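Contents: one structure, followed by commentary.
As the structure is a prediction and not an experimental result, all values here were calculated from the model. All chains are named by letter (A, B, ...) in the order of the sequence lines, taking the proteins before the strands, and each is independently numbered beginning at 1.
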Amino acid sequence: MTLRPTTLRQIALLSCAFAITVPLAIAPARAADAVAAVAAPAAGTAAGSATLEVKFSGIEAPTGAVLFAVYDNEAAYAADGHAVREAMAPVKDGAAALSFAGLAPGHYAIKAFHDIDGDGKMGTNPFGMPTEPFAFSNDAKGNMGPAVWADARFAVGAGTTVQTITIR
Amino acid sequence: MTLSLSRREILSAGAMAGAAMLCPQLALAGTGDADWTLGVADVEDDLAPAAMERIHGRAPAGLAGTLYRNGPAKFRRGGTSAGHWFDGDGLMRAFRVSPDGTASLAARFADTPKRRQEARLGRMVVPGFGTNAGAGAVLGGPDDANPANTSVIAAGGELLALWEAGSAVRMDPETLATRGMKTWRSDLAQMPFLAHPRIEPDGRIWNLGLSGGSALVWRIGADGALQAAQTIKLPRSSYIHDFTATARHLVIVLQPWIQDKFSLPFVDSLSWRPDQGTQVLVIDKDDLTKRRLYELPAFSFFHLGDAWEEADGTIRFDGCVEDNPSFGMTSARAMIQGTYVRAPMPQLAMIALHPAGRATLTPARIAAEFPRTDPRFAGTARTRTVHVGHYGGARPLAQSIGVWDWARGRDDAHDFGARQLVEEFVFVPRAGGAAEMDGYLLGTTLNLAARATELHVFDARQVARGPLCTWRAAAALPVSFHGTWLAG
C-alpha cells in the first residue's frame with residue numbers, strides 16, 4: 001500500500017490552506033488480492049488471539065469498495081508506514097464489512113476511503129484534494145491532515161472487537 | 001489623492017485583532033459605535049419575501065426581473081468573531097422588480113457546512129481569508145470552509161453563490177434554497193472557482209481556480225455544462241481575486257502580493273513585494289500554451305473591468321488599483337471590530353498592453369471600486385465603466401456611484417451623502433436598446449439614517465440626475481459584495 005504523505009507544500013498551495021490530504025492507494029492488482037478477505041499477517045507479525053470486525057456505514061455511492069489499512073503503532077500510522085492489515089471490503093447495500101482473525105490484542109487505528117470508481121486509488125482533484133469519501137477509526141476527524149493516532153486508536157482485546165466507521 | 005497608512009495605524013489594528021482573538025470578550029456582539037458599523041452587523045435569520053416601500057420616483061416601464069446580491073452577513077457567535085470582512089456567512093438577497101413597478105426583498109443564507117458547524121458549536125471557528133481556526137473546527141476539505149459569500153451568477157437554470165477558494169454553491173433562483181456544492185465533474189470536486197468569472201456576450205463562462213502558482217482554467221457553456229477544465233502554470237503565486245478577458249484572450253494580472261510561506265490565516269501567507277512589479281499574463285483562449293507576459297510598476301487590486309483587443313493587437317482593460325494591499329491585509333480586518341483604518345484608496349486606471357511588449361497604466365484620477373460594464377460588450381471595445389466612489393471620509397466604504405467615460409475623461413456621478421453606504425451597481429439593458437449604457441443602473445445602499453436597505457434605479461446615461469426610483473426595505477442588511485441581474 002502506498003500512502004502519499006501530506007506535504008507542507010500541498011497544504012500551503014491550498015487557497016485557504018486547511019485541507020486534508022490522505023491519499024491512500026492500493027495498486028489494483030494488490031487490491032484484487034485483498035478482496036473478500038484478509039490480507040495475511042505480514043511476515044514477522046505474530047498471530048494473535050483477537051478478532052477485529054470492521055464495519056463501514058453511511059456509504060452513499062453504491063459502487064466500488066472501501067479500501068483501508070490497519071496500523072498497530074503511532075509511528076507507522078502517522079508516516080503511512082507498515083500496516084498490519086490492508087484490505088478491500090466490497091460495498092453492498094450502503095455498507096461494507098470485513099473481519100480479521102489472528103490479531104494480537106493491543107491498540108490499533110484505521111485509515112479508510114471509499115474507492116467509488118474502483119481504480120484502487122483515492123481520487124483527488126487536480127490540486128490534490130480528496131474527491132472520494134474517507135474516514136478514520138473512531139470516526140476521528142483530521143484537521144489540516146489525517147486524524148491523529150490519539151484520536152483514531154482503539155483497543156482490541158481477546159475475543160471479538162467491533163469497530164464501526166462512518167464513511168463521510 | 002492617496003491616503004497613507006501609518007505604521008502606527010497598522011500596528012494598532014493588528015493589536016486589536018490579535019487582542020480580540022486572545023480575549024473573545026473583546027469581540028463584541030455588535031460592533032463599535034460609529035454609524036457605518038451597521039454595514040458589518042449580523043443578520044440572524046433568513047428574510048421571507050416582503051414588499052419594499054417605494055419612496056421616490058417610479059420604476060421605468062419594461063423593467064422587470066431580479067437583482068441577486070451576495071455578501072457576508074453573519075460574523076459573530078457566542079463572543080467570538082470572524083477575523084475579516086471577507087469571512088462572514090454569505091446571505092443571498094433577491095430584490096425583485098415586478099412589471100407593475102413594485103419591488104420586494106427576500107434573503108436567505110447559503111446553507112453551507114461552515115454555517116452548520118458554527119451554528120452547532122455556537123462559535124465562529126472555521127478559518128478563512130483572514131480568520132484563524134478556532135477550537136473544535138473540523139475541516140475535511142476546502143468546501144468545509146466555504147462561506148459562499150462573494151458573488152452570484154446564473155448558470156444552467158440555477159444560481160451559483162460564489163466564493164473563490166472552493167466550489168460554487170447551487171441555490172434555487174425562486175426560493176433561494178441551497179441545493180449543495182456545484183461539482184461539474186466528479187474529479188473536479190472541491191476545486192476553487194473564483195467569484196469573478198468572465199462571461200462572453202453569448203453566455204459562455206470562463207473562470208479560474210487558483211492554488212499557488214497553478215490555475216485551473218474553467219470553460220462552461222451558456223447552458224451551464226462544463227466544456228473544458230485545464231490546469232496551467234503561472235509565473236508567480238500572486239493573490240488573484242479577479243482576472244479579465246478579451247474575445248480571444250484571458251488576461252491574468254499578477255500583483256506582487258505573493259504567497260511565499262505557509263501561514264494562517266491565508267492572508268498572512270501573502271507578502272507585499274513591490275520591488276517585483278506587477279505582471280500581466282495574456283493567454284490564447286484557443287491554446288492555453290500560447291502566452292505573453294507584460295511588466296508594469298507595482299500595484300495591488302481586487303477588481304478589473306472587461307478587456308478588449310484593438311486592430312493592431314493592443315489589449316486594453318481597466319481596473320481599480322491600490323498603492324498596496326493594506327485594505328485587504330489590515331483595514332478589512334479592523335472593520336469587523338468596528339474600527340476604521342485608512343488604506344490607500346482604490347483608483348480607476350486603464351491598462352494598455354501594446355503588441356511590441358510595452359505596457360502602460362493611465363489613471364482616471366478618481367477613486368473607484370466595484371467596476372461593472374455593459375455585459376453585451378464583454379470582450380469588445382467599450383468606453384464606460386460603472387463604479388462606486390467617494391471614499392476617504394472618516395469611515396470605510398463608498399458613498400457615490402458613477403459612470404466613467406474613458407472617451408471624454410468625465411464622470412457622471414451621484415453622491416448619496418455621508419449617511420449612505422453604497423454597494424456595487426450593475427448595468428441592466430433597456431429592452432430594445434443596443435448601444436453601450438442604453439439602460440439602467442440597479443444597485444443598493446444601506447441608509448444609515450433610516451437604518452434600512454434601499455434599492456435604486458438610475459438612467460445609466462444620466463446618473464447625475466439622481467435615482468429614477470428608490471424602494472426601501474423594512475430591514476437593514478450589511479453591505480454586500482457583488483450581484484447579477486436576471487430579467488423576467
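Residues A/T131 and B/S186 fail the side-chain proximity criterion, which asks for heavy atoms closer than 4.5 Å.
The CG atom of B/L210 lies 7.0 Å from the CZ atom of A/F127; values are rounded to the nearest 0.5 Å. In this structure, the separation between CE on B/M191 and CG on A/N125 is 5.0 Å, given to the nearest 0.5 Å. To the nearest 0.5 Å, atoms OG (B/S211) and CE (A/M129) are separated by 7.5 Å. Between the NZ atom in A/K141 and the CG atom in B/L139 there is a gap of 11.5 Å [rounded to 0.5 Å].
Of all heavy-atom pairs between B/D187 and A/P126, the closest is O-CD, 3.5 Å.
Remark: B/Q227 CD is packed, more than 12 non-hydrogen atoms of other residues, nucleotides or ligands lying under 6.0 Å away. At most 12 non-hydrogen atoms from other residues, nucleotides or ligands lie less than 6.0 angstrom from CG of A/D93. Atom NZ of A/K55 sits in a sparse spot, with 12 or fewer heavy atoms from other residues, nucleotides or ligands closer than 6.0 Å. Sparse packing is recorded around CZ of B/R116, with 12 or fewer heavy atoms of other residues, nucleotides or ligands lying under 6.0 Å away.
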